[in-house]
Amino acid sequence: MTHRWLDEVEALAREALPSAVFRYVAEGARDEISLGEATPAWDAVRLAPRVLRDVRTIDTGTTLMGTDYAVPIGIAPMTLQRAADPGGEVTMAVAAERAGVPMVLSSNAGSTFAEVAATGAHWWLQVYVAAERRETVPMLEAAAAAGAKAVVLTADTPVLGTRYPMAGGPGIWEVADAGWIGANAATPTGLDPADRGKAMDLGPADIGWLADTTGLPVVVKGVLRPDDAHQCVAAGAAAVWVSNHGGRQLDQVVATAQCVEAVRSAVGESAEVYVDGGIRSGLHALIALALGADAVFVGRPLFHALAADGGAGVHRALEEYSRELVEALRLAGCARPQDARGIVAPAGEPGRDQP
Ligand code: FNR
């Protein structure tokens with residue numbers, strides 16, 4: 001049997017983490033229907049690979065919003081990384097730098113922008129915009145000054161989706177340490193992010209406002225609909241990020257694997273398209289590229305790897321994703337990630353985009 005570290009990290013993390021933290025990472029909203037459907041949706045896609053292509057050299061290098069990365073795989077924003085590892089986001093960023101991948105820093109991080117920037121990693125700031133926009137400005141300006149390469153506006157979280165408490169154990173905010181989050185917040189806030197007064201009136205104008213405030217490209221995360229994707233790009237977004245927040249917001253939403261192709265069609269080549277949610281192998285990453293994504297982002301497996309073996313664990317997990325992607329690209333007749341675009345087989349019609 002093939003040995004995959006990625007198949008082990010969740011069990012290792014379960015052993016390493018306090019149960020409330022493990023449960024917080026694992027959980028989805030409500031009945032966890034979207035959570036459960038994420039990975040099976042990638043598994044359900046069928047490829048129509050190419051043959052008779054030169055695949056001696058596979059170059060996974062990818063340019064995202066003008067910055068070069070080693071592979072089209074990034075680290076999704078996740079709060080509470082200091083609950084997994086003493087260095088938290090800093091340890092994650094060191095691994096990102098080593099692997100040459102982008103790291104998206106949660107606005108609820110427990111490490112400062114300066115600490116993350118000092119690792120040399122290319123990092124993007126994820127933001128939840130406050131109802132009072134000006135309250136978010138200091139964080140935005142500080143991130144831009146510290147060298148963030150992009151701002152990722154999480155658009156699917158006007159309020160936190162309901163998640164049911166773990167039976168018989170303490171909730172995450174009962175065990176959380178004040179040092180795990182809020183390192184870059186301008187004003188001290190309560191531990192529970194639910195009480196932070198997020199904007200419920202986000203609109204296309206906020207995209208331009210974020211770009212103007214930071215001078216950085218803006219990514220809108222949490223887009224599932226082609227019309228929304230089109231609206232984001234028309235409002236100035238450099239990229240749209242197809243996500244349902246790992247099944248943690250509205251439950252019973254469509255799986256991201258089912259949205260990428262239509263979102264790509266809606267934006268054409270006028271913006272980049274990223275996707276996350278249930279991507280558990282390099283083959284899943286290839287499928288995302290085939291459906292039209294420029295890059296994929298990974299959440300829970302990298303949190304688990306951080307908990308299981310710190311920075312070495314994250315590096316090992318990223319290496320495994322990369323290795324699997326290289327193999328999948330080669331077997332699919334693709335020398336570069338962009339060659340994978342369109343190699344999906346619609347029902348009964350393999351190779352429909354054949355030149
Ligand atoms: C998240 N996610 C998230 N998203 C965001 O925009 N800001 C955040 O602070 C967080 N925090 C967070 C914490 C934890 C523990 C998890 C698991 C997730 C969502 C995350 O960025 C991403 O969309 C999903 O996790 C991707 O799905 P997978 O790879 O975890 O299946």
Side-chain angles (χ1 to χ4, degrees), residues 6 9-10 13 17-18 20-29 32 34-43 73-85 88-89 92 102-111 123-129 139 150-158 160-161 163 172-173 176 180-185 189 192-194 196 198 202 219-224 240-250 253 255-257 259 274-281 284-285 288 293 295-307 314 317-318 321:
L6 286 168
V9 285
E10 183 169 354
L17 291 170
V21 175
F22 179 81
R23 169 68 197 156
Y24 175 75
V25 174
E27 71 191 2
E32 303 189 334
S34 290
L35 175 67
E37 288 178 351
T39 298
W42 295 109
D43 290 341
I73 298 171
I75 303 173
M78 287 175 289
T79 188
L80 291 187
Q81 291 178 26
R82 279 196 191 267
D85 175 272
E89 295 81 3
M92 192 72 103
M103 152 133 177
V104 186
L105 187 71
S106 168
S107 54
N108 288 331
S111 307
W123 61 282
W124 309 352
L125 173 70
Q126 174 269 328
V127 283
Y128 293 118
V129 168
M139 180 188 274
V151 181
V152 177
L153 171 65
T154 299
D156 58 14
T157 311
L160 281 188
R163 303 170 201 162
I172 184 67
W173 304 116
W180 290 354
I181 64 167
N184 299 293
T189 50
D192 182 346
R196 284 181 168 213
K198 293 183 180 70
L202 283 180
V219 183
V220 184
K221 175 173 183 276
V223 175
L224 296 172
V240 289
W241 181 325
V242 177
S243 175
N244 61 27
H245 214 113
R248 296 161 77 85
Q249 284 299 104
L250 182 64
V253 295
T256 55
C259 302
Y274 314 140
V275 63
D276 72 16
I279 294 171
R280 297 295 175 261
S281 67
H284 288 162
V296 304
F297 285 81
V298 178
R300 294 178 184 85
L302 299 178
F303 195 106
H304 291 152
L306 182 67
V314 176
L318 287 169
Y321 271 99

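As the structure lists them, so they are numbered: ligands from 1, and atoms in each ligand from 1. Excluded from the calculations below are hydrogen atoms, water molecules and symmetry mates; all remaining heavy atoms, backbone and side chain alike, are included. All residue numbers refer to positions in the sequence shown, counting from 1.
Across all non-hydrogen atoms, the minimal contact from N184 to M139 is O-CE, 3.4 Å.
Closer than 4.0 angstrom to ligand 1 lie heavy atoms from Y24, V25, A76, P77, M78, T79, S106, Q126, Y128, T154, K221, S243, H245, G246, R248, D276, G277, G278, R280, V298, G299, R300.
Residues forming a side chain to side chain contact (heavy atoms under 4.5 Å, CB included) with I172 (at least two apart in sequence, or on another chain): V21, Y24, L80, V175.
At a threshold of 4.5 Å between non-hydrogen side-chain atoms, the residues V296 and H284 do not count as touching. For the pair L250/D156, no side-chain contact is recorded, criterion being any heavy-atom separation below 4.5 Å from C-beta on.
Taking the six-membered ring where the residue is Trp, W241 and Y274 present perpendicular rings, their angle passing 60° and hence far from 30°.
Here the CD atom belonging to E10 is positioned 8.5 Å from the CZ atom belonging to R280, to the nearest 0.5 angstrom.
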